[in-house]
Amino acid sequence: EVMEVDRLSDKVQFYDREAAVIENAEKNTVVTKTLILPKSDDGSQQTQTITYKDKTFLSLTIQQKRPVSDELKTYIDQHGVEETQKALLEAEEKDEAIIEARKLAGFKLETKLLSATELQTTTSFDFQVLDVKKASQLEYLKNIGLENLLKNEPSKYISDRLANGATEQ
């Protein structure tokens with residue numbers, strides 16, 4: 001009977017060690033999750049790709065697809081998709097707020113006209129190189145709430161999004 005208890009005790013210790021090994025591995029594993037947020041009333045759809053390690057955000061990419069505005073639709077009707085794409089990029093190159101934001105290491109912004117009816121903006125943050133304090137003060141980025149985001153644990157941020165109707169891809 002004593003032997004049985006000893007064997008059981010050994011087994012429990014083994015499982016405890018296994019659990020510790022797994023937990024430690026998870027802490028050192030880089031995880032990437034892609035979340036599709038619910039479509040908003042204006043028809044825009046956001047996809048977020050979050051890469052993290054344990055409690056640290058490594059990067060975040062936000063892809064926003066939205067219907068083109070009436071103003072843009074008129075321009076597309078007159079000039080076509082390709083010309084409009086060029087015009088959009090030229091406008092961005094003249095936009096002081098965007099120019100300033102693009103100078104930041106760890107920040108990328110790309111605008112793409114997907115079709116005559118849909119526009120896509122992809123914003124990427126590499127938190128390993130991005131100066132978040134500086135980014136948060138820039139006109140283009142100050143309303144994104146980066147500092148707030150980084151106060152969350154990535155797993156909590158993700159579970160909050162899922163609780164609010166996001167789906168994991």
Side-chain angles (χ1 to χ4, degrees), residues 24-73 75-76 81-115 117-169:
N24 201 34
E26 281 175 0
K27 277 186 180 151
N28 290 307
T29 302
V30 172
V31 181
T32 297
K33 302 254 185 203
T34 299
L35 305 178
I36 300 165
L37 277 58
K39 239 183 193 164
S40 58
D41 297 338
D42 66 1
S44 63
Q45 174 98 59
Q46 197 178 98
T47 302
Q48 296 187 359
T49 303
I50 301 128
T51 300
Y52 65 97
K53 186 170 157 185
D54 193 25
K55 293 174 171 46
T56 308
F57 281 95
L58 299 177
S59 69
L60 170 66
T61 300
I62 300 171
Q63 191 181 66
Q64 180 101 25
K65 288 181 184 175
R66 61 183 176 279
V68 297
S69 64
D70 291 341
E71 195 184 335
L72 199 54
K73 199 175 264 154
Y75 193 94
I76 295 167
V81 172
E82 264 179 64
E83 277 305 306
T84 307
Q85 173 71 42
K86 276 186 202 149
L88 282 170
L89 294 179
E90 282 167 20
E92 276 184 6
E93 283 163 14
K94 292 183 186 106
D95 185 320
E96 287 301 323
I98 292 177
I99 292 167
E100 188 183 29
R102 281 193 168 138
K103 284 180 186 164
L104 273 182
F107 173 76
K108 274 213 291 274
L109 170 72
E110 186 192 11
T111 305
K112 208 187 227 161
L113 191 56
L114 298 178
S115 67
T117 56
E118 197 172 34
L119 186 67
Q120 174 181 290
T121 309
T122 306
T123 315
S124 308
F125 303 93
D126 178 349
F127 296 117
Q128 295 176 89
V129 292
L130 184 73
D131 180 339
V132 175
K133 261 232 169 320
K134 195 171 175 187
S136 301
Q137 292 160 356
L138 295 187
E139 188 61 40
Y140 189 81
L141 297 171
K142 68 179 182 197
N143 296 323
I144 291 180
L146 286 177
E147 287 175 311
N148 245 358
L149 163 83
L150 297 174
K151 280 178 196 154
N152 285 286
E153 281 190 21
S155 56
K156 169 102 173 81
Y157 177 81
I158 290 164
S159 61
D160 286 352
R161 296 293 156 294
L162 292 170
N164 285 307
T167 50
E168 199 173 325
Q169 203 174 29

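Please read all numbers here as calculations on a predicted model, not as lab measurements.
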Take Arg66 and Asp42 through the test side-chain contact (heavy atoms from CB on, under 4.5 Å) and record every step on the way to the result.
CA-CA 8 Å; Arg66 61 183 176 279; Asp42 66 1; 5.7 Å; no
Apply side-chain contact (heavy atoms from CB on, under 4.5 Å) to the pair Ile76 and Val81, showing each step before the final yes or no.
CA-CA 6 Å; Ile76 295 167; Val81 172; 4.1 Å; yes
Give, for atom CD of Gln137 and atom CD of Glu147, the distance between the pair rounded to the nearest 0.5 Å.
7.5 Å
Out of curiosity, Ile50 CD1 to Leu58 CG, how far, rounded to the nearest 0.5 Å?
12.0 Å
On a heavy-atom basis, which atom in [X] and which in [Y] lie closest, and how many Å separate them?
{"X": "Leu35", "Y": "Ala166", "answer": "CB-CB, 4.4 Å"}
{"X": "Leu104", "Y": "Leu138", "answer": "CD1-CD1, 3.6 Å"}
{"X": "Gly165", "Y": "Pro38", "answer": "O-CG, 3.5 Å"}
{"X": "Arg102", "Y": "Leu109", "answer": "NH2-O, 2.9 Å"}

Side-chain donor/acceptor of Gln45 to backbone N/O of Leu37, under 3.5 Å
yes
Leu150 vs Phe125 side-chain heavy atoms within contact, under 4.5 Å:
no
For residues Glu92 and Leu89, determine if any side-chain heavy atom of one lies less than 4.5 Å from a side-chain heavy atom of the other.
yes
Distance-only donor-acceptor check, side chains Thr121 and Thr111, under 3.5 Å
no
Looking at Lys134, I want to see if its NZ is surrounded by more than 12 non-hydrogen atoms of other residues, nucleotides or ligands under 6.0 Å.
no
Is it true that, when you exclude Glu71 itself, more than 12 heavy atoms of the residues, nucleotides or ligands shown sit nearer than 6.0 Å to its CD?
no
Lys142 and Glu139 ion-paired at < 4.0 Å
yes
Give me the ring orientation class for Tyr140 and Phe107: parallel if the planes are under 30° apart, tilted from 30 to 60°, perpendicular past 60°.
perpendicular
Report the C-alpha distance between Leu72 and Leu88 in whole Å, list the side-chain angles of each, state the deciding distance to 0.1 Å, and finish with yes or no for side-chain contact (heavy atoms from CB on, under 4.5 Å).
CA-CA 10 Å; Leu72 199 54; Leu88 282 170; 4.2 Å; yes
Can you list the steps and then say if Gln46 with Gln48 is a side-chain hydrogen bond (donor to acceptor under 3.5 Å, both in side chains)?
CA-CA 7 Å; Gln46 197 178 98; Gln48 296 187 359; 2.7 Å; yes
Any chance you could lay out the ring pair (Phe, Tyr, Trp, His ring centres under 6.0 Å) test for Tyr157 and Phe57, step after step, and finish with the verdict?
CA-CA 10 Å; Tyr157 177 81; Phe57 281 95; 5.8 Å; yes
Worked verdict on Lys33 versus Tyr52 for side-chain contact (heavy atoms from CB on, under 4.5 Å)
CA-CA 9 Å; Lys33 302 254 185 203; Tyr52 65 97; 4.0 Å; yes
